[in-house]
Amino acid sequence: MNVLDLIGNTPLVELKKISSELNGVSIRAKAESRNLSGSVKDRAAKAMLLEGIESGKLRPGKTIIDASSGNTGIAYAILGAVLGYPVIIYLPANAGRERKTILACCGAAVVETNPLESSDGAFLSAKAAAEADPDKYFWPNQYNNDANWKAHYNGTGVEIWEQTGGKVTHFITGMGTSGTFTGTSRRLKEYNPRIEAVAVQPASPFHGIEGTKHMASTLKPGFYDETLPDRFVEVNTEAAYAMTRRLIREEGLFVGISSGANVQAALDLGRTLPPGSIVVTVLCDNGFRYLSEEFWWLNND
Ligand code: PMP
C-alpha cells in the first residue's frame, strides 16, 4: 500500500450515548483523525498537491507555501516530505502549541502572523510572499482552490452516502476554508436533493473553535457558496469545549474542539428532527492536538 492511500475512507461512527438523548434520531461522525497526518485536511492537501504536480505548477526545486490554522500545514508538511518538497507555513501566532511542535517534527518552516488578524492575517502574508516570488513557490491557496472542495465531493460525500446505505438525511459541519462543507454537501445533494446541508457557525467573531471561521466577520473563501447551506446552527465556545469533553468521557472519542462544536450542533439540530433522521457530522482531528488547553481540566455540570 502507498502511504498516500492512508488518506480517505475513514470510518463512520455512531455516537450512541449522545444520540440516545434524541427521539429516534441517529448522530454519526466521520473519524477524520484516521487520515495520514491526523486530520480532515489531508484530503484537500493531497488533492491540491497532486493537482499541482499534474499541471506542472509544482515541480522539483519549488517550495510549498500556504496559510493554515495548523491542520492543513501539518498535512502539507507530511505530504511534502513524502513527495520531496520543502514546506513553509504561515500560521497565526496564537495557534496551539501542539500544532507548532508537530510542524517542527515534520521539518516544515513556520512563519507566525499577527494573532489579532487570525486566519485572514496568515492568508494575506502567505499571499504576499507567494506572489513576490512565483518561480520559487508553489502556493496551493487552499481558500480559493477548487481541488480543496472537490476532494470532499469525490471522497467524503461518496463515503457518507455509501456508509449510510443512502439513508443520510442531514450533513452538518463547521467551516474553515469551507472545503469539507462545500464538497460533501454538493455530492450528497446530487445523490438526493432532499438531504439538508447545515453549516455550523461560532456564535461570535471572537471564539475558541480553532480551525473554523465566523463567516460574517472574516474574508470569505473564494469557493464559499452562500446559497448551499439550508440552515445554520450557532455554537458557543464553552458548549463546544463541554461536548469535546463528553466525546472522550462518554463515547471514547478523543477529538479536537471543532469536532465538539460539530457534535453539539448536530445534537441541537437533532432535537428539532423527526424520528428516523440520520445526521452525519465530522470529527475533524484528534484531541492530542489540543493537550495544552485548559478546558480538559474542567468537568461538565
Ligand atoms: N476543524 C479543524 C480543526 C480545522 O483545522 C479545519 C480546517 N481549518 C476545519 C475544521 C474546517 O475544514 P475546512 O477547511 O474543510 O472547512
Side-chain angles (χ1 to χ4, degrees), residues 7-8 10 29-33 35 37-48 66-77 89-92 95-96 98-100 102-103 118-120 122-123 126 140-157 171-187 197-202 207-215 218-225 228-229 235 237 240-241 243-244 247 254-265 281-290 293:
I7 295 176
T10 54
K30 290 287 274 177
E32 291 298 308
S33 67
N35 286 306
S37 89
S39 86
V40 68
K41 297 302 310 200
D42 275 359
R43 296 173 181 269
K46 176 181 168 185
M48 292 187 288
D66 211 349
S68 165
S69 62
N71 281 336
T72 312
I74 293 168
Y76 288 143
I89 300 303
Y90 283 69
L91 185 80
E98 292 79 3
R99 271 169 286 176
K100 290 182 197 164
I102 299 167
L103 283 164
S118 70
S119 60
D120 290 353
F123 168 76
N141 189 2
Q142 62 159 333
Y143 288 95
N144 295 285
N145 185 331
D146 286 336
N148 175 345
W149 66 265
K150 283 182 183 167
H152 299 281
Y153 179 86
N154 293 318
T156 323
F171 175 66
I172 179 166
T173 197
M175 299 179 290
T177 64
S178 80
T180 311
F181 176 79
T182 304
T184 308
S185 302
R186 282 204 178 126
R187 173 62 77 155
V198 186
V200 180
Q201 277 293 274
H207 64 91
I209 308 172
E210 283 187 51
T212 75
K213 255 177 179 289
H214 183 262
M215 285 292 175
T218 54
L219 287 173
K220 297 212 185 7
F223 55 76
Y224 175 60
D225 175 0
L228 193 56
V235 178
T237 301
Y241 286 158
M243 182 54 84
T244 308
L247 281 163
F254 191 40
V255 295
I257 304 156
S258 70
S259 309
N262 280 352
V263 174
Q264 181 59 48
T281 190
V282 182
L283 304 175
C284 309
D285 63 3
N286 193 289
F288 284 112
R289 251 162 224 193
Y290 306 87
E293 298 270 354

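One-based numbering, in listed order, for ligands and for the atoms of each.
For Asn148 and Tyr143, the side-chain atoms include no donor-acceptor pair closer than 3.5 Å. Between the side chains of Asn262 and Thr173, at least one donor-acceptor pair of N or O atoms lies under 3.5 Å. No hydrogens or angles considered: nothing links the side chains of Asp66 and Tyr90 as a donor-acceptor pair under 3.5 Å. Side-chain contact annotation: Thr10 with Glu32, donor-acceptor N/O pair under 3.5 Å present. Counting only N and O atoms by type, the side chains of Ser37 and Asp42 include a donor and acceptor under 3.5 Å apart.
Relative ring orientation between Phe288 and Phe254 is described as perpendicular, the plane-to-plane angle rising above 60° on a 0-90° scale split at 30° and 60°.
Which parts of ligand 1 touch Asp285 is read off a 4.0 Å heavy-atom cut-off, strictly below it: atoms 3 (C). Close contacts of ligand 1 with Ser69, meaning ligand atoms under 4.0 Å from a residue heavy atom, involve 5 (O), 8 (N). For ligand 1, the atoms lying closer than 4.0 Å to a non-hydrogen atom of Ser258 are 1 (N), 2 (C), 3 (C), 10 (C). Close contacts between ligand 1 and Asn71 involve ligand atoms 2 (C), 3 (C), 4 (C), 5 (O) [criterion: under 4.0 Å to a heavy atom].
Proximity of Leu103 to Leu91: side-chain heavy atoms (C-beta onward) are separated by under 4.5 Å at one or more points.
The distance criterion of under 3.5 Å between nitrogen or oxygen atoms is met by Thr177 with respect to ligand 1. Residue-to-ligand polar distances keep Thr72 apart from ligand 1: every N/O pair is separated by 3.5 Å or more. The shortest N/O to N/O separation between Met175 and ligand 1 does not fall below 3.5 Å. Checked against a 3.5 angstrom limit, the closest N/O atoms of Gly174 and ligand 1 fall outside it. Of the N or O atoms in Ser178, one or more lie within a sub-3.5 Å distance of an N or O in ligand 1. For ligand 1, one of its N or O atoms has an N or O atom of Lys41 under 3.5 Å away.
Contacts with ligand 1 closer than 4.0 Å are made by no heavy atom of Gln142, backbone or side chain. Contacts between Thr180 and ligand 1, counted as non-hydrogen atom pairs separated by less than 4.0 Å, involve both the backbone and the side chain. Contacts between Tyr290 and ligand 1, counted as non-hydrogen atom pairs separated by less than 4.0 Å, involve the side chain only.
Closest heavy-atom approach to atom 8 (N) of ligand 1 within the set Gly176, Gly211, Ser39: this belongs to Gly211.
Between the side chain of Lys41 and the main chain of Gly73, no donor-acceptor pair closer than 3.5 Å is present.
In this structure, Arg186 forms no cation-pi arrangement with Tyr153, as its terminal cationic atom is not both closer than 6.0 Å to the ring centre and no more than 45° off the ring axis.
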